[in-house]
Student: 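Structure in structure tokens, see below.
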Amino acid sequence: MTLTAVDDYVEFCVALRKLTGIDLTQYKRPQMERRLRTFYANRGVTRLTDAIPRLRADPAHLEELLDRITINVSQLWRNPEQWDVIHQRLLPELAEAGQLRAWSAGCSYGAEAYTLATLCHLALPGRRVTIQGTDIDKRMVERARLGVFSEEDARSAPQELMNIGFERVPDGWRAKMNLRSMTRFDVGDLLRTQPRPGSFDLILCRNTVIYFAEPIRDELHGRLAEALRPGGYLVIGSTERVAQPSALGLTMQHPFIYRKA
Ligand SMILES: C[S@@+](CC[C@H](N)C(=O)[O-])C[C@H]1O[C@@H](n2cnc3c(N)ncnc32)[C@H](O)[C@@H]1O
């Protein structure tokens, strides 16, 4: 890669950060840069700096770009083996505390939060459950608030659990009112927020840090660990790892589940 290419990437990141607060320099550079350059090459733009004036002037173009750089892939019961462990092992233990405060960090359009809400409805009857979802992508947060999912979103979901938590709507499913009342969705940048220490019993942060540069990922895991109460759980994606769990006061219970000491 030429020096010019390096410079125009960094300059573009600085401009985007000023405009949106999103700091692309914290994400794995090769993937992010490739995505950006392909996006602009398809529009006849070769130098990223040439794209900055349009970014500032055209909100629809900015939206389109954000759509390209935030990977929002999700589904209900994504990685069912993880949900089995959450349902069978974590929720019964967490139920002993009386209430459950959970956070879906990088929630996309809410599939993870509503999957958890369905299981809480089954495993924690009568308990107070609050599931907070946050995502950097405003459009995803707006979708999550609706709680509407396609047939494709439900492809890994057990039918009997879909019938418990969701009702049929044209072309898909909508989370029932009791699930929606457990959830709350807000726009939030994981790299710029620090919840109060000990505020959550359970944090799901799956398939989100894979896009972050490693030191940023490790720092984020540290902040998530701090946001857990003692005895609380952090669940990560099945292809991810916490680099130094013991340094964060975490012990691995499963390849993807960590308990705060
Ligand atoms: C692949 S989705 C994962 C959704 C869900 N956790 C799952 O596993 O199905 C990753 C989400 O992380 C969000 N994201 C990326 N960077 C973020 C940041 N800095 N703060 C909050 N959310 C972020 C993206 O917008 C996207 O919706």
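Both counts, for ligands and for their atoms, begin at 1 and track the order of listing. Computed from a predicted model, the values in this text were never measured in an experiment.
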Student: Would you indicate which of Ser74, Gly106, Ser104, Ala113 comes nearest to atom 9 (O) of ligand 1 when only heavy atoms are counted?
Tutor: Ser74

Student: With respect to atom 13 (C) of ligand 1, which of Ile236, Asp67, Asp135 exhibits the smallest heavy-atom separation?
Tutor: Asp135

Student: For Gly188, is the nearest heavy atom under 4.0 Å from an atom of ligand 1?
Tutor: yes

Student: Going by distance only, is there an N or O of Thr70 that falls short of 3.5 Å from an N or O of ligand 1?
Tutor: no

Student: Between Phe212 and Arg217, is there a cation-pi geometry (under 6.0 Å to ring centre, at most 45° from the normal)?
Tutor: no

Student: Would you say that more than 12 heavy atoms from the other residues, nucleotides or ligands in this model lie under 6.0 Å from the CG of Asn42, or not?
Tutor: yes

Student: Do other residues, nucleotides or ligands put more than 12 heavy atoms under 6.0 Å from the CZ atom of Arg168?
Tutor: yes

Student: When you compare ligand 1 with Ile136, is there at least one nitrogen or oxygen pair between them that comes in under 3.5 angstrom?
Tutor: yes

Student: Indicate yes or no: does an N/O atom of Arg206 lie under 3.5 Å from an N/O atom of ligand 1?
Tutor: yes

Student: Return the minimal non-hydrogen interatomic distance between Pro92 and Ile86, and the atom names on each side.
Tutor: CD-O, 4.4 Å

Student: Carefully, step by step, assess Leu36 and Leu65 under the rule side chain to side chain contact (heavy atoms under 4.5 Å, CB included).
Tutor: CA-CA 8 Å; Leu36 279 178; Leu65 173 76; 3.5 Å; yes

Student: Do we get Arg37 above Tyr40's six-membered ring, with its NZ or CZ under 6.0 Å from the centre and within 45° of the axis?
Tutor: no

Student: Give a yes or no on this: more than 12 heavy atoms of other residues, nucleotides or ligands lie within 6.0 Å of atom CD of Gln99.
Tutor: yes

Student: For atom 19 (N) of ligand 1, find the nearest protein heavy atom and state the residue, atom name and distance (0.1 Å precision).
Tutor: Asp189 OD1, 2.8 Å

Student: Please check if any side-chain donor atom of Asp218 sits under 3.5 Å from a side-chain acceptor atom of Gln244, or the reverse.
Tutor: no

Student: Please classify the Val73 to ligand 1 contact at 4.0 Å (heavy-atom distances, strictly less than): side chain, backbone, both or neither.
Tutor: backbone

Student: Check whether any heavy atom of Arg78 sits under 4.0 Å from an atom of ligand 1.
Tutor: yes

Student: Examine Leu190 against ligand 1 and note whether any of their N/O atoms are separated by less than 3.5 Å.
Tutor: yes

Student: Going by the closest heavy atom to atom 16 (N) of ligand 1, which one wins out of Tyr27, Tyr109, Tyr211?
Tutor: Tyr27

Student: Identify the closest protein heavy atom to atom 2 (S) of ligand 1: which residue and atom is it, and at what distance?
Tutor: Ile71 O, 3.2 Å

